[in-house]
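Below, chain A is the first sequence line, B the second, and so on; all start at residue 1. Keep in mind it's a predicted model, so treat the numbers as computed, not measured.
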There are 2 protein chains.
Amino acid sequence: MTYSYPHPRPLLTVDAALFGLDEEDLKVLVIKRARPPFENRWALPGGHVDMDESVDEAVRRELREETGLDVAHLEQFHAFGAVHRDPSRRAVTVAYYGLVRLSDFKVKASTDAKEAVWVSMKKLPEWALAFDHQEIATVALERLREKVRRQPIGFHLLPTRFTLSHLQRLYQVILDRDLDKRNFRKKVQSLGVLKALDAVQKGVAHRAARLYAFDARKYREASKRGVDFNI
Amino acid sequence: MTYSYPHPRPLLTVDAALFGLDEEDLKVLVIKRARPPFENRWALPGGHVDMDESVDEAVRRELREETGLDVAHLEQFHAFGAVHRDPSRRAVTVAYYGLVRLSDFKVKASTDAKEAVWVSMKKLPEWALAFDHQEIATVALERLREKVRRQPIGFHLLPTRFTLSHLQRLYQVILDRDLDKRNFRKKVQSLGVLKALDAVQKGVAHRAARLYAFDARKYREASKRGVDFNI
DNA sequence: TCAAAAGTGTTCCGAATACACCCATGA
DNA sequence: TCATGGGTGTATTCGGAACACTTTTGA
């Protein structure tokens, strides 16, 4: 069965730069391609847009199929449409970035056959990603940087219970600069989207820090009246 | 001649919300469709992406063909991919917004056969645009609002020589709120991207205002070190 | 002389920044 | 007892916001 059209059509795909944070760095998920073009090379997860699904649905389906992940925050940011970005055919891709809790992912990864690796954004060039995927990931990070200063979406990268130091480290890694501890705590607590828990860290070789959780209800309220997270 | 593929492919199009400012309001350009679907209805300019051009090139070509315009600032902002956004076929569009100097356009419009109208953004619903074009125009304006606060791209909507009151009005119309005259002048002049000309308005029934021009060289310098136009 | 818009400074307030020490805990 | 990170407050600076009157010009 083939499908014919009076004019040639570019292939329409979706790709996603999924970000995760571990002890080391901000990571992006790449998977090994099973098929040409770029067979056995590393690429961002993604695939074709089918006729009976929206573009947003397509990227969620592909992520489910290729990573088994449900992504906390997924956002379209740019369409990449250079003529030869895929050397083997004309393909235009709509790109998304997503935030993943790495603590969740580690479990699911073991149940999935696909070869998937979290790569430090700093080391991305060494991986020589397929297509224009390095550019896509780089632009994705730029957009995440902008977004994270307007909305506290960074929470989605952390475990559900986290310390203020974890949160500060998250912003330092994304923004690639140091933040003052006292000012950061003042600011983040003034947003009123954190819930202090009656619990502290366990198993650390120093004073245990209080645990906090992201309060989704307070956040939605705050979102409406406009959150300013310009740290 | 037809073109066949092993899987069905959505049609890929581009559309542009071109903004212009006149004495009355912020306007968006709509053109009357010559062909189905939505024949004789109003729609944003746009069309198919050809195989031998990038998506960015496609939108510029379509604008040239349909409006004869060269657009000062043109920026991709979102891909719209709902399944039934085009009721007659599966089509995904990459949307752009652009800024046009209406003073220039008026000349060119007369040399062009196409039926094109500048519609006030406030009256857009009355025009019942084809497809999801009203949504596209609305989102475009939201993005323009955000952008105009980070980069002084608004200049592209004004004649090359303008008064500070013109500029203030521009921002008031885009942001849909009043601005304080003294604060606005302080702020915009502190950006250092304006060049005061040795000329004043002519033919006004009140004190003539000084004319200014946008200084592209100073702007590029300012852009590099990061412009903050948070008025 | 009147109407209409041009042009111009100061005060106040809130937010961002800079900055250093003691505390609790487990090893 | 020591190493490690947790936790806390104040003073200063800067930018944003509020605010009203005089000047110039053509009709």
All pairs passing ring pair (Phe, Tyr, Trp, His ring centres under 6.0 Å) where residues 55-76 of chain B contributes a residue, at least two apart
B:H73-B:H156

Residues in salt bridge (Lys or Arg N to Asp or Glu O under 4.0 Å) with B:K123, at least two apart?
B:E24

State which residues pass salt bridge (Lys or Arg N to Asp or Glu O under 4.0 Å) with A:D132; sequence neighbours excluded, sorted by chain then number.
A:R85

Which pairs pass salt bridge (charged side-chain N to carboxylate O under 4.0 Å, His left out) with one or both residues in residues 166-177 of chain B, sequence neighbours excluded?
B:K122-B:D176

Pair listing, salt bridge (charged side-chain N to carboxylate O under 4.0 Å, His left out) test, anchored in residues 182-198 of chain B, at least two apart:
none

Look only at the side chain of B:E66 and the backbone of B:G46, and say whether a donor-acceptor pair between them is shorter than 3.5 Å.
yes

Please give, in whole Å, the distance from D:dT13 C1' to A:N183 CG?
13 Å

Partner residues of A:F80 under the ring pair (Phe, Tyr, Trp, His ring centres under 6.0 Å) criterion, sequence neighbours left out:
A:H78

Counterpart residues, ring pair (Phe, Tyr, Trp, His ring centres under 6.0 Å), relative to B:H166 (two or more places apart):
none

For D:dG9, does either OP1 or OP2 sit under 4.0 Å from a side-chain N or O belonging to A:K186?
no

Looking across every strand, which nucleic acid part, if any, lies under 4.0 Å from B:R185 by heavy atom: base, sugar-phosphate, or nothing?
base

Please encode protein proximity along nucleotides 20-27 of chain D as a string of B, S and -, counting only heavy-atom distances under 4.0 Å.
B--BBBSS

Under a 4.0 Å heavy-atom cutoff, the residues of residues 162-177 of chain B touching DNA chain C are B:S165

Taking heavy atoms of chain B and a 4.0 Å limit, find me the 5'-most and 3'-most nucleotide of DNA chain C within that range.
C:dA4 to C:dT10

With a 3.5 Å cut-off and sequence neighbours excluded, list the donor-acceptor pairs that the side chains of residues 137-145 of chain A form with protein atoms.
unit_1	atom_1	unit_2	atom_2	d
A:T138	OG1	A:Q134	O	2.7
A:R143	NH1	A:F77	O	3.2
A:R145	NE	A:I174	O	2.6

Result block: side-chain N/O donor-acceptor pairs under 3.5 angstrom for residues 209-217 of chain A, not counting sequence neighbours:
unit_1	atom_1	unit_2	atom_2	d
A:R210	NH1	A:L197	O	2.5
A:D215	OD1	A:R217	N	3.1
A:D215	OD1	A:K218	N	3.1
A:R217	NH1	A:E221	OE2	3.2

